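Taking it in order: structure first as structure tokens, then the write-up.
Reminder, nothing fancy here: chain letters follow the sequence lines and each chain counts from 1. Nothing here was measured: the structure is a model prediction, and the numbers come from that model.
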2 protein chains.
Amino acid sequence: MKKAQRTKAKIEQAAFLLFAKRGFHATTMRHIAQAAGVSLGNAYYYFPAKDDLVFVFYENMFALQLQASKRNASRSGKLQVRLQTFLNGYLDAIEPYHELAREVVTVAVHPGSALNPFSKQSRQLRSASKEIFSEVFGDLIADHPLADCLPTLLWLFHLGVTLRWIYDDSEGRKPTIKFVQHSTTLVSKLIQFSRLPLFGGTHKLARNLLKPLMRHE
Amino acid sequence: MKKAQRTKAKIEQAAFLLFAKRGFHATTMRHIAQAAGVSLGNAYYYFPAKDDLVFVFYENMFALQLQASKRNASRSGKLQVRLQTFLNGYLDAIEPYHELAREVVTVAVHPGSALNPFSKQSRQLRSASKEIFSEVFGDLIADHPLADCLPTLLWLFHLGVTLRWIYDDSEGRKPTIKFVQHSTTLVSKLIQFSRLPLFGGTHKLARNLLKPLMRHE
DNA sequence: AACTATTATTGAACGTGTTCAAAAAACCGT
DNA sequence: ACGGTTTTTTGAACACGTTCAATAATAGTT
């Protein structure tokens, strides 16, 4: 491993540890540099801005999502049950980072930033995340007329759930649990309904709406 | 009018003008104070943080929304047509602030901030905005089993459209236009479908999901 | 009018993210 | 080993948001 890579990794690690312990705003670039054993300017050599260090947080979230999807796998034949189990496991896994997520969402949402969930730079993570949905729900949706779109739709749904969770400042996260319960039921019903001939006309619509999110993968 | 109120108004006005001309980040608190004819510290006496000055931008956006809803009123009996006309008029009205909106969304999304669309401080604006939807679409949805929820749902939908618009960095905003066209069609269809007995079971779900957004008004 | 309490205003000072010119280190062909 | 080129590292300097103790203006009371 090149020295430069090691230096970069040291900075990433220091940043993530400090973010997790003290929060994003309370952690200064000087803290990170000191913890990583480099100078302030050197940290900026590898990361053009403090915001860019948030990417390590992303990768961590994704890893947790992946682990959770395997640990709490439900093989129920009911889409709603499997969806709810999956999301509850995911939310449990990321719960330790709730406070940090609340701080970080402001940079994640910035349109020009590399960190927003629709950016080119996060494409790889996005694809990998959709892949999880493909694997977990593949057998249930394989015969669906919109089978190719559903992983993207479910990924978008999980983004919405994450947002709901971020905005949930209650103690036990009960509102989010309720939201997951109800929204998974609704989403499952709509997905089932959309197999009916009555919904034939909506397929093209759904496809057109999701198309911009499905390029390049 | 008390002098204090006039001072506050001067700061608000200076801030909005500078934000619109130079953008949010390029405008410093020192610029605002100077343009308003007060000292730097004095600006902070009225607004605890620069972010709080974004509220004037909100109010402006809302006023534009209201104007647009009256100017481009469609009385079509088709929900889709009326929805599309309404949203296109709204997007035209806010188009001059596209770049500013892209900068400001980061503070608007902050969960702890007074400026996020779900906060207590923005409740009044939120209610007034929903009221617009009630007036514009009231006659079309009055007999709907979810009539009481639909203004909130449409408000949420318009928030989604606004977000899509913010993320649209194309020249002519074509993708957003397409998005409005398709999503209004889909939403209209779903609203019509939900009158069918088949959808009876989803009404309680929808109500539960929207309930948290409907308190206090 | 005089005295007190509250409100409004000031500008210097602090900490933070970020930039940059300069120095050091690593690399590479000869 | 040497000279030149590129990569990496440094820390001082800058601009900005924010804080705060001090001062001025205003309002209220006797």
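Side chains of A:His182 and A:Thr185: a donor-acceptor N/O pair is absent below 3.5 angstrom, by distance only. Judged purely by distance below 3.5 Å, without hydrogens or angles, the side chains of A:Tyr90 and A:Thr162 pair a donor atom with an acceptor atom.
Rounded to whole angstrom, the span from the CD1 atom of B:Ile32 across to the P atom of D:dC16 amounts to 12 Å. The nearest whole Å value for the distance from the CD atom in B:Glu103 to the C1' atom in D:dG17 is 16 Å. As a whole-Å value, the separation of B:Asp52 CG from D:dT18 C1' is 12 Å. In this structure, B:Asn42 places its CG atom 15 Å from P of C:dT7, rounding to the nearest Å. If you measure from atom NZ of B:Lys8 to atom C1' of C:dT7, you get 14 Å, rounded to the nearest angstrom.
The listed nucleotides are D:dT10, C:dT16, D:dT18; the one nearest the side chain of A:Ser39 is D:dT10. Nearest nucleotide to the side chain of B:Leu40, out of C:dT18, C:dT10, D:dT18: D:dT18. If you check D:dT9, D:dG17, C:dA8 against the side chain of B:Tyr44, the one that comes closest is D:dG17.
Between B:Thr7 and C:dA8, a side-chain N or O to OP1/OP2 separation shorter than 4.0 Å is absent. OP1 or OP2 of C:dA8 has at least one side-chain nitrogen or oxygen of B:Tyr45 nearer than 4.0 Å.
Remark: of the listed residues A:Glu99, A:Lys50, A:Arg102, A:Lys50 is the sole one forming a side-chain contact (heavy atoms from CB on, under 4.5 Å) with A:Phe24.
Where A:Arg30 and A:Gly41 meet DNA chain C, the nucleotide closest to each residue was compared, and A:Arg30 sits on the side nearer the 5' end.
A salt bridge does not link B:Asp168 with B:Lys174: none of the charged nitrogens is closer than 4.0 Å to a carboxylate oxygen.
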